[in-house]
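Everything below concerns the one structure shown next.
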Amino acid sequence: MKITGIVQGVGFRPFVHRIASKLNLNGFVKNTSDGVFIEIEGERGSLDEFHRLLKSSAPPLSRISTIDIGEIAPLGNDNGFRIIESSGGKGFTLISPDAATCPDCLRELNDPTDRRYKYPFINCTNCGPRYSITYKAPYDRPNTTMKDFKMCSLCQAEYDNPNDRRFHAVPNACPDCGPMLTVACGPDETSAIAYAVRLIKQGHIVAVKGLGGFHIACDADNESTVNRLRSLKRKSNKPFALMASDLNEIKKHCHVSDAEEAELLSAGRPIVLLKKKHPQSLPDSLAPKNTRLGFMLPYTPMHHLLMDELKIAVMTSGNVADEPIVSTNNEADRVLKPMADEVITHDRDIYMRVDDSVVRLGNDGIRRIIRRSRGIAPEPIKLISEGPDVLGAGADLKNTFTILKGPYAIMSQHIGDMENIETLGFYEETLKNLKSVYRADPKWVAHDMHPQYLSRRWAIGQDMQKLPVQHHHAHIASVIAEHNLKGRVIGVALDGTGYGTDGNLWGGEIMAADLTGFDRVAHFNYTPLPGGESAVKEPWRAAIGAVCSIRDNPKDVLKRIGFYDAYDESEINNIIKISRIPEFSPLSSGAGRLFDIVSALIGICGFNTFEGEAAIALESIACDDITDEYPYDIFDAAPGKPMVIGFSRSLTYIIDDRVSRADTGVIAAKFHNTAASAVVDVVKRISATTGIDAVALSGGVFQNEILLMSVSRRLRESGLRVYYNEAVPTNDAGVSLGQAVILREHLKEPVK
Ligand code: ZN
Ligand code: ZN
Ligand code: FE
């Protein structure tokens, strides 16, 4: 039997050994460079049972992709079942994401008689670091950052014993031979945890080295510390992540459904965005104006030890502003010391930085991945076909890249916004590692078309063959790849901005597409973005651009909706002036911009201090029992041109509602209904004329749950098949997957 998938470093061979021995079967199991190989003989019934158990009771961290079975003549030996030495080869095997401390290790951690009592690095084959410590295949101790720790005789005996939970547990360690915590300036290491706890309780900010990088921790209940951290770390309202000791602590502050509970407890231990309870006892400054809090549970023994004392703490990524998460002790000194009153670190190197993942439960019960990182990456997405190794370089916001290797798409962890040299460095370091771990050698790279994107400029500079891929086509292709869709789909890409083939900023795009290409069939109407990028950061500027394009008397309108009270008069007048000058006001069909504009027009949010803030605020105030909507227009296509979905009339009505002081929650709800109706309307028309019955929804605006649910429900009610991203984020992090699959298709059959 040849088994592929995540089958190494997860206790797979001992598991095989266990079930084979129990069934009195003979033979052996070994790791190969492309999976696990088993030769087994015995009674037919027992062999069938073996096959069944192999699939049904595999170890928790394993993921079986394929089992190939061939028959050879029985050897007739009855000397039992053995685990034998690994053998090489040129294939590759999948590496497990890092996994949260398992219940067995947790029990030992809290057992005063155990030799690993309160040892912050306890782990076994069912848990512990994987991806973050591995720099080369195969996954063996010398190829990880554990190579410098020589196991003591007790640890070695566990490692060598197939019946032990730590058999071949690569990061196996104990207080005598493994990594230790240290504090930068304080007392000795045995009390590092107690010392950190004391500092945090006193209102200090402490940097703590964890699994995939440093965290910055502080008391979540101490408003002045939280504010101090916000002013030191970021100049935005972006929520801080929280860690709680257990579910009950979280439930004091948030509503937690069964499905959310399962996410919180999953081996990946992501940050789960949960609805705040009211009244809220935690400081508002943790997640200003947000209806949700991001909580995670401890996922390393050190976190357990820390949280047992703290109960709830801010546990935000250890970085400054938009730079990647810090992972080395030197960097921590340079970058984190200015923010943190103390740095708690350890001597196990982090090879691959992996930030915490962020997920949310959709109203359909499906997990939405917002940031795909620690605990999820580098779990592959299975494709239906194979082909050459290729690279999708990704987009600039929330960048990831994707390598296609054999039948798998391997998406990198969250890299970040490609706007500084540090992030580019992280990008290159991660690419080098994934190429080495997966033995991938892509000769082709697909990249975005945006001339200003760093990811594009990077790709252009590579000694590889290149394929530019349109941003929204890539979004749609990510859904096609995830769901293995055949034939053309109607792709709805609702997004902030992406570079279009006409040089404008696209983002409200409806296309007929497959992996070989796309036709832009309809798009949201273009609006001028006065000042370009500054109107993206400050939606009130975009709102003025919109008012100018629908009203002849913009000043009067802006006065009546309070803009002259809220914003600087001379700036407003200047924006009015430039909004009709194309050089200063690029055109955008971005759906995200439309949500921004409405949010600013009705006084909800005029500034995006982080991406999506205005739109998130608008969604969060929308009343949920409103069925009314505003009028919109669908302008038929001129020959050879796409249809245009016009929202000018909607905006006119919204402005009137604002002037007459209508409830903003009702306006927001009616606007959501309008956007959904317009999309559904156009898609149905396209389906009727083309006969395409599959619809793919993607793009960052579909993080808006109201919109996603309403559009998908109504399209399904019309008999269409609707698909959206589940395994990868719908935001720009998903773009690299789309680029890569389009590229591989291109190599099969070049696009005309
Ligand atoms: Zn364990
Ligand atoms: Zn030891
Ligand atoms: Fe996008």
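Order of listing sets the numbers, starting from 1, for every ligand and every atom in it.
Computed with the Zn ion (ligand 1) at the centre, the Cys124 SG to Cys102 SG angle is 100°, stated to 10 degrees. Between the SG atom of Cys174 and the SG atom of Cys177, the angle taken at the Zn ion (ligand 2) works out to 110° after rounding to 10°. Annotation: angle subtended at the Fe ion (ligand 3) by His475 NE2 and Asp495 OD1 is 110°, to 10°. Take the Zn ion (ligand 1) as the corner point: the lines to SG of Cys127 and to SG of Cys105 open at 100°, to the nearest 10 degrees.
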Problem set entry | Asp308/Lys118 under salt bridge (charged side-chain N to carboxylate O under 4.0 Å, His left out): CA gap, chis, key distance, verdict | CA-CA 11 Å; Asp308 281 348; Lys118 290 196 188 294; 5.7 Å; no
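Judged by distance alone, the side chain of Arg457 and the main-chain N or O of Gln452 form a donor-acceptor pair under 3.5 Å.
None of Arg368, Glu482, His475, Gln703 except one satisfies the side-chain hydrogen bond (donor to acceptor under 3.5 Å, both in side chains) rule with Asn725; the exception is Glu482.
Restricting Asp732 to its N/O/S atoms, the shortest distance to the Fe ion (ligand 3) is reached by OD1.
Under a 4.0 Å N-O distance rule, the pair Arg488/Asp514 does not qualify as a salt bridge.
With ring centers used as reference points, Tyr724 lies 6.0 Å or more from His483.
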